[in-house]
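Input: a single structure, listed below in structure tokens.
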Amino acid sequence: MKTPRILLGLALVFLLFTGCESAPPEDAVLASFTAVTLDGGSFTEEDIQSKDVTIINVWATFCGPCLEEMPDLAAYAKTLPDNVQLITVCADYAGDADPVRKILQQAGYDGVTLISGDGDMAALVGSIQAVPTTVLIDGEGRLSGSPIVGGQPDLAVAFNKAVNQALKEQGKAELSGE
């Protein structure tokens, strides 16, 4: 019965490299949580409330598309205005920060990376079924728009479109250069 194992293995490899549809609940709200950052700090709902839009990219160290898009995420994060932030969540953090730091450093990402969390953050991350998945959260902690699943051919264009929609829904000025 090697054929079923081979097929299962091929299916898993396919999912790891192409992602699959995942969708947090449309009514997801980040109203109460505490998360630990890679550098040992904390990140809470207050950090979400301090921005008009928070872009949350959930990734894993084993995920090819995640690693491939990380330099684009790093570059994109550096272009954002003060009212928009991009953070990452390493979904497979297992207590050893070195591999995670190495990936982020090689990509040039120097922003906030969450490695664990409780409350609403744990529920949100737990609802994501594939990596990479990116969700946008407004300043009140509500999910804005649809998740962006998998690597994007032009990450900046896809993210700007989503961020501008979130800002427009709030009556805020949109980003330029979409």
**Prompt:** Are any side-chain N or O atoms of Asn164 and backbone N or O atoms of Leu175, one a donor and one an acceptor, separated by less than 3.5 Å?
**Reply:** yes
**Message:** Please report the interatomic distance CG(Leu38) to CD1(Ile115), rounded to the nearest 0.5 Å.
**Reply:** 5.5 Å
**Item:** Those residues that, when tested against Ser116, pass side chain to side chain contact (heavy atoms under 4.5 Å, CB included) (two or more places apart)
**Value:** Val36
**Prompt:** Do Leu124 and Val135 have side-chain heavy atoms sitting under 4.5 Å apart?
**Reply:** yes
**Request:** Find out whether Thr34 and Phe43 are in side-chain contact, i.e. whether some heavy atom of one side chain is under 4.5 Å from a heavy atom of the other.
**Result:** no
**Fill in**
residues 131-150 vs ring pair (Phe, Tyr, Trp, His ring centres under 6.0 Å), sequence neighbours excluded, gives none
**Asked** Within the side chain of Asp92, is there an N or O that forms a donor-acceptor pair under 3.5 Å with the backbone of Thr61?
**Response** yes
**Within-4.5 Å side-chain heavy-atom neighbours: Thr37 and Thr113** = no
**Request:** Would you check if Val29 and Leu143 make a side-chain contact, meaning some heavy-atom pair closer than 4.5 Å?
**Result:** no
**Asked** Does any pair with a residue in residues 123-155 pass ring pair (Phe, Tyr, Trp, His ring centres under 6.0 Å), and if so which ones, sequence neighbours excluded?
**Response** none
**Prompt:** What residue pairs, at least two apart or across chains, pass ring pair (Phe, Tyr, Trp, His ring centres under 6.0 Å) with a residue in residues 114-142?
**Reply:** none
**Item:** Results of side chain to side chain contact (heavy atoms under 4.5 Å, CB included) for Ala107 - residues two or more places apart only
**Value:** Met70, Pro71
**Item:** Derivation of the side-chain contact (heavy atoms from CB on, under 4.5 Å) call for Phe33 and Ile48
**Value:** CA-CA 10 Å; Phe33 71 91; Ile48 299 285; 3.9 Å; yes
**Message:** Any heavy-atom pair between the side chains of Lys78 and Asp110 that's under 4.5 Å?
**Reply:** yes
**Asked** At what distance, to the nearest 0.5 angstrom, does CG of Leu114 lie from CG of Asp47?
**Response** 9.0 Å
**Message:** Once side chain to side chain contact (heavy atoms under 4.5 Å, CB included) is applied, do any residues pair with Asp98, and if so which ones, sequence neighbours excluded?
**Reply:** Asp96, Arg101
**Message:** Give me each pair satisfying salt bridge (charged side-chain N to carboxylate O under 4.0 Å, His left out) with a member in residues 117-140, each pair once, sequence neighbours excluded.
**Reply:** Asp138-Arg142, Glu140-Arg142
May I have the list of side-chain donor-acceptor pairs in residues 52-59 shorter than 3.5 Å, sequence neighbours left out?
{"residue": "Asp52", "atom": "OD1", "partner": "Lys172", "partner atom": "NZ", "Å": "3.3"}
{"residue": "Asp52", "atom": "OD2", "partner": "Asn83", "partner atom": "ND2", "Å": "2.9"}
{"residue": "Thr54", "atom": "OG1", "partner": "Gln85", "partner atom": "NE2", "Å": "2.8"}
{"residue": "Asn57", "atom": "ND2", "partner": "Glu69", "partner atom": "OE2", "Å": "3.0"}
{"residue": "Asn57", "atom": "ND2", "partner": "Thr134", "partner atom": "OG1", "Å": "2.8"}
{"residue": "Trp59", "atom": "NE1", "partner": "Thr88", "partner atom": "OG1", "Å": "3.3"}

**Request:** Name all residues meeting the side chain to side chain contact (heavy atoms under 4.5 Å, CB included) criterion together with Gln49; count only those two or more places apart in sequence or in a different chain, and write none if there are none.
**Result:** Glu45, Glu46
Exercise answer: donor-acceptor pairs, residues 144-154 side-chain atoms, under 3.5 Å, sequence neighbours excluded:
{"residue": "Ser144", "atom": "OG", "partner": "Glu169", "partner atom": "OE1", "Å": "3.4"}
{"residue": "Gln152", "atom": "NE2", "partner": "Val149", "partner atom": "O", "Å": "3.4"}
{"residue": "Gln152", "atom": "NE2", "partner": "Gly150", "partner atom": "O", "Å": "3.3"}
{"residue": "Asp154", "atom": "OD1", "partner": "Ala156", "partner atom": "N", "Å": "3.4"}
{"residue": "Asp154", "atom": "OD1", "partner": "Val157", "partner atom": "N", "Å": "3.4"}

**Contacts of Tyr76 that satisfy ring-ring contact (aromatic ring centres under 6.0 Å, His included) - sequence neighbours left out** = Phe159
**Fill in**
In short, ring pair (Phe, Tyr, Trp, His ring centres under 6.0 Å) pairs touching residues 86-125 with sequence neighbours left out are none
**Message:** Does Lys168 have more than 12 heavy atoms from other residues, nucleotides or ligands lying within 6.0 Å of its NZ?
**Reply:** no
